[in-house]
Asks: 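Submitted below is the structure of interest, expressed as C-alpha cells.
So you know, we letter chains A, B, ... as the sequences are listed, proteins then strands, and number each from 1. The structure presented is a predicted model; accordingly, all values stated were derived computationally and were not measured.
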Number of protein chains: 2
Amino acid sequence: MTRSVLTEEEEQAILALPTQEVVLRSRQDYLHIGQKTSYACLVIEGMIGRFGQTSDGTRQITAFHVPGDMADLLSIVRPLGIGGLNALCETVILRVPHSALRAVAARYPAIAEAFWRDCMLDAAILMEWVVNVGRRNAQTRIAHIFCEMSIRSGRDREALQAYAFPITQEQLGDAASLTGVHVNRTLKALRDVVTLTNGMVHIHDWVKLTRIGDFDSTYLVGDTFAERQKPLWAAA
Amino acid sequence: MTRSVLTEEEEQAILALPTQEVVLRSRQDYLHIGQKTSYACLVIEGMIGRFGQTSDGTRQITAFHVPGDMADLLSIVRPLGIGGLNALCETVILRVPHSALRAVAARYPAIAEAFWRDCMLDAAILMEWVVNVGRRNAQTRIAHIFCEMSIRSGRDREALQAYAFPITQEQLGDAASLTGVHVNRTLKALRDVVTLTNGMVHIHDWVKLTRIGDFDSTYLVGDTFAERQKPLWAAA
DNA sequence: CGCGAACTTGACTGTAGTCAACCTGCGTGG
DNA sequence: CCACGCAGGTTGACTACAGTCAAGTTCGCG
C-alpha cells in the first residue's frame, strides 16, 4: 500500500484487518487457474508468480509479486479467473478475507480507491509486459525485467546494485517467453552488465542495463498526485 | 457497463452523466503515451486501440476497445501513463469528465465497484493477451484474437458468424506481435476457417476456429455472481 | 484516370527453439 | 563420511518460424 497516500486513521484500519499467515513451499500452486477465491493474499517474504497457460500446458508468467504486494487484490471484485498463482520459492503470505477488505473499503472510500489504484498499477505493469514479450529481443526482454524488479524490490537505493530475485533460469524464461536454454545463453551475453546467481541479481552497470533493457521507469509510479487529492471522491 | 448488474436507479445515474461527443479520424491518436487526462472515453462507434511502444517506435497494441467499452476508465484513479489510444478507423466517442464519474461513484458504491470490476475484466483480457503473444504461434494467435473479438463484439449470436473488425492486416500484426507480411500469409492459411475482408470478420467454422485459437471464453465473463451480491459493499 | 494505401508473393536471413549430452553443487540416506 | 540422485545450469549442433527486403497487384477514392 505504498502506492497511494493514506491518512493515519486509514493506515490503522488496514493494519487492523484480520489475517492468517500461510507458508508456501517452493513451486507450490497457491491458486489454480480458474479457481475461485474468497481471500486476497499479501506477500510477506519470498516471491509469487501469476501465470497463464496454453492448452498444451505451457506456462507464461504474467506478473511477479514481491513482499508488500497484494497478489490477487483484483479477486475482490472478480473472484473467478484471475490466472494462477505459484510460489517461486518458499514464500510467506498473509491471507485476508474479501469480506474484511470490502468492509474497510466501504468505510473508507480512500482505501477503496487505493485498492483500485493498486490494481491499476498492476495493469500498467502488465501492459508493459505485453510490449516486452511482444516487441523486444531476448537480451532486451531480460534486461527490462531485471530493471523493473530492481525498482520494485527496493525502496532503498541499494536495490540498484543488488536485490533478491529467487527464480531459476527456467522460470525467468516462463516470464520472458523464452526457453531455459536461451535464457542461459542470453545471461551469458549480459554477464558484464548484470548477473543472476543463487537467487540474487547483481547489477554491475545500471545505466547500461537500462539502455539495453529499453527501460523507462515512469510506468511504475503509483499515486501521481504530489499531494493527496481532496476530497478523493469528489462528492461524499 | 453490461459487465455488472446494476439497479434501475444506478443505470439512470450513469445515463445522466454529462458527456461530450467527439469524432476521431481514422489513425488519429486520441491520447499519447504518457499523456495525462481528466476525461474517460466511452466508445460509441468504430474501434480504439490501446498501445505501448518501444524506444525505436515500434508499436504494440495491448487492447482493442469496441463500442460500449470505456477505453480509459482506469485513468480515473491513475490519470498518467496508461499507454496511448489510437482510433483504428473513424470512431465516435463520448468524453466524460473524471469529476462526474467520481461523483457518481461516490454516491453509488455499486457503480464504483462496477467501474473497478470493468477495469479488472480488461486486466484479465490483458493477461490472456500476454499468454497469446508470448506462447502461441502465428495461426493460434490470430485465431485467438478473432475468437475474443467475436465474443466481445456481439451480444447476439450472429457475431459467431460475422462481425465488424475495422483493422488492416498491419494493425492486426501490431496486436499479435507479427509483421504485416506474416499476418498476410497466416490469414491465407486460415482462409477456410475465417476471413478478414473490408473490416469484416467472417467465421466459416467456429468450432475449428476455437480449436486452432486455443480459445476458452471463461476469462471474458464479467460479473460472476448469478445474482447481485447484497450488500455489494459489506458494510455501508 | 491516376494515385496511394493495403494487400500479395517470393527469396533469403536470423533469432530463438529443440534435442541431447554433460557438468555442478547440494541434500539425503546408507 | 562418502555415494548417489536430482535439480539447475552449460554447451553444441541442427531446425524452424517468423522477419526482412523487394517487387508486384488490387482496389477505393478524388
Asks: Starting at the 5' end of DNA chain D and moving along, which residue's nearest nucleotide shows up first, B/Gln139 or A/Asn184?
Replies: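 So the residue in question is A/Asn184.
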Asks: Heavy atoms under 4.0 Å, any strand shown: does A/Arg136 hit a base, just sugar-phosphate, or nothing?
Replies: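 No contact.
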Asks: If I take atom NE2 in residue B/His182 and atom P in nucleotide D/dA16, what distance separates them, rounded to the nearest angstrom?
Replies: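 Whole-Å distance recorded here is 15 Å.
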Asks: For B/Leu196 and C/dC7, give me the distance from atom CG to atom P, rounded to whole Å.
Replies: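 About 7 Å, once rounded to whole Å.
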Asks: If I take atom CG in residue A/Leu172 and atom C1' in nucleotide D/dG8, what distance separates them, rounded to the nearest angstrom?
Replies: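 A/Leu172 atom CG is separated from D/dG8 atom C1' by 14 Å.
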Asks: Remember a base hit wins even if backbone is also touched, and classify A/Ser26 as base, sugar-phosphate or nothing at under 4.0 Å, heavy atoms.
Replies: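 Touches nothing.
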Asks: Have a look at B/Thr197 and say if it touches a base, only the backbone sugar-phosphate, or nothing, with a 4.0 Å heavy-atom cut-off.
Replies: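 Answer is nothing: B/Thr197 stays at 4.0 Å or more from every strand.
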Asks: For side chain to side chain contact (heavy atoms under 4.5 Å, CB included), just list the numbers for B/Phe146 and B/Trp206, CA-CA rounded to whole Å, side-chain angles, deciding distance to a tenth of an Å, and then say yes or no.
Replies: CA-CA 10 Å; B/Phe146 283 151; B/Trp206 172 254; over 6 Å; no
Asks: Of all the choices, C/dG17, C/dG10, D/dG19, which nucleotide is nearest to the side chain of B/Val181 once you look at every atom?
Replies: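 The listed nucleotide nearest to B/Val181's side chain is C/dG10.
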Asks: For B/Arg135 and C/dT18, what is the distance between atoms CZ and C1' respectively, to the nearest whole Å?
Replies: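 From B/Arg135 CZ to C/dT18 C1': 14 Å.
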Asks: Side chain of B/Arg27: nearest nucleotide among C/dA6, D/dT20, D/dT11?
Replies: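 Selected nucleotide: C/dA6.
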Asks: Which whole-number value in Å describes the distance from B/Gln171 CD to C/dA6 C1'?
Replies: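 It works out to 11 Å between those atoms.
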Asks: Hey, which sits more toward the 5' end of DNA chain C by its nearest nucleotide, A/Ala138 or B/Ile167?
Replies: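 The residue closer to the strand's 5' end, by nearest nucleotide, is B/Ile167.
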Asks: Look at A/Lys188 and D/dG9 and indicate whether a side-chain polar atom (N or O) is within less than 4.0 Å of OP1 or OP2.
Replies: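 No, outside the criterion.
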Asks: May I have the distance from B/Leu187 (atom CG) to C/dT9 (atom C1'), rounded to whole angstrom?
Replies: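 So the two atoms are 14 Å apart, to the nearest Å.
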Asks: Between B/Asn137 and A/Gln169, name the one whose nearest nucleotide on DNA chain D is closer to the 5' end.
Replies: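 It is A/Gln169, whose closest nucleotide lies nearer the 5' terminus.
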Asks: Tell me: CG of B/Asn198 to P of D/dC27, nearest whole Å?
Replies: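 Going from CG in B/Asn198 over to P in D/dC27 covers 10 Å.
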Asks: Nearest whole Å is fine: how far is C/dG17 C1' from A/Glu170 CD?
Replies: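 Between C1' of C/dG17 and CD of A/Glu170: 12 Å.
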Asks: Under 3.5 Å, is there a donor-acceptor pair linking the side chains of A/Ser75 and A/His98?
Replies: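 Looking only at side-chain atoms, A/His98 and A/Ser75 do form a donor-acceptor pair, the distance falling under 3.5 Å.
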Asks: Centroid separation under 6.0 Å, is that true for the rings of A/Phe64 and A/Trp129?
Replies: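 When the ring centroids of A/Trp129 and A/Phe64 are compared, they turn out to be within the sub-6.0 Å range.
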Asks: Assess the side chains of A/Ser4 and A/Arg117: does a donor N or O sit below 3.5 Å from an acceptor N or O?
Replies: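 Note: A/Ser4 and A/Arg117 side chains meet the donor-acceptor criterion.
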Asks: Side chains of B/His204 and B/Gln161: any donor to acceptor distance under 3.5 Å?
Replies: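 No donor-acceptor contact under 3.5 Å links the two side chains.
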Asks: Does A/Arg185 contact D/dG12 through a side-chain donor or acceptor facing the base, at a distance under 3.5 Å?
Replies: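 Per atom types, the contact qualifies.
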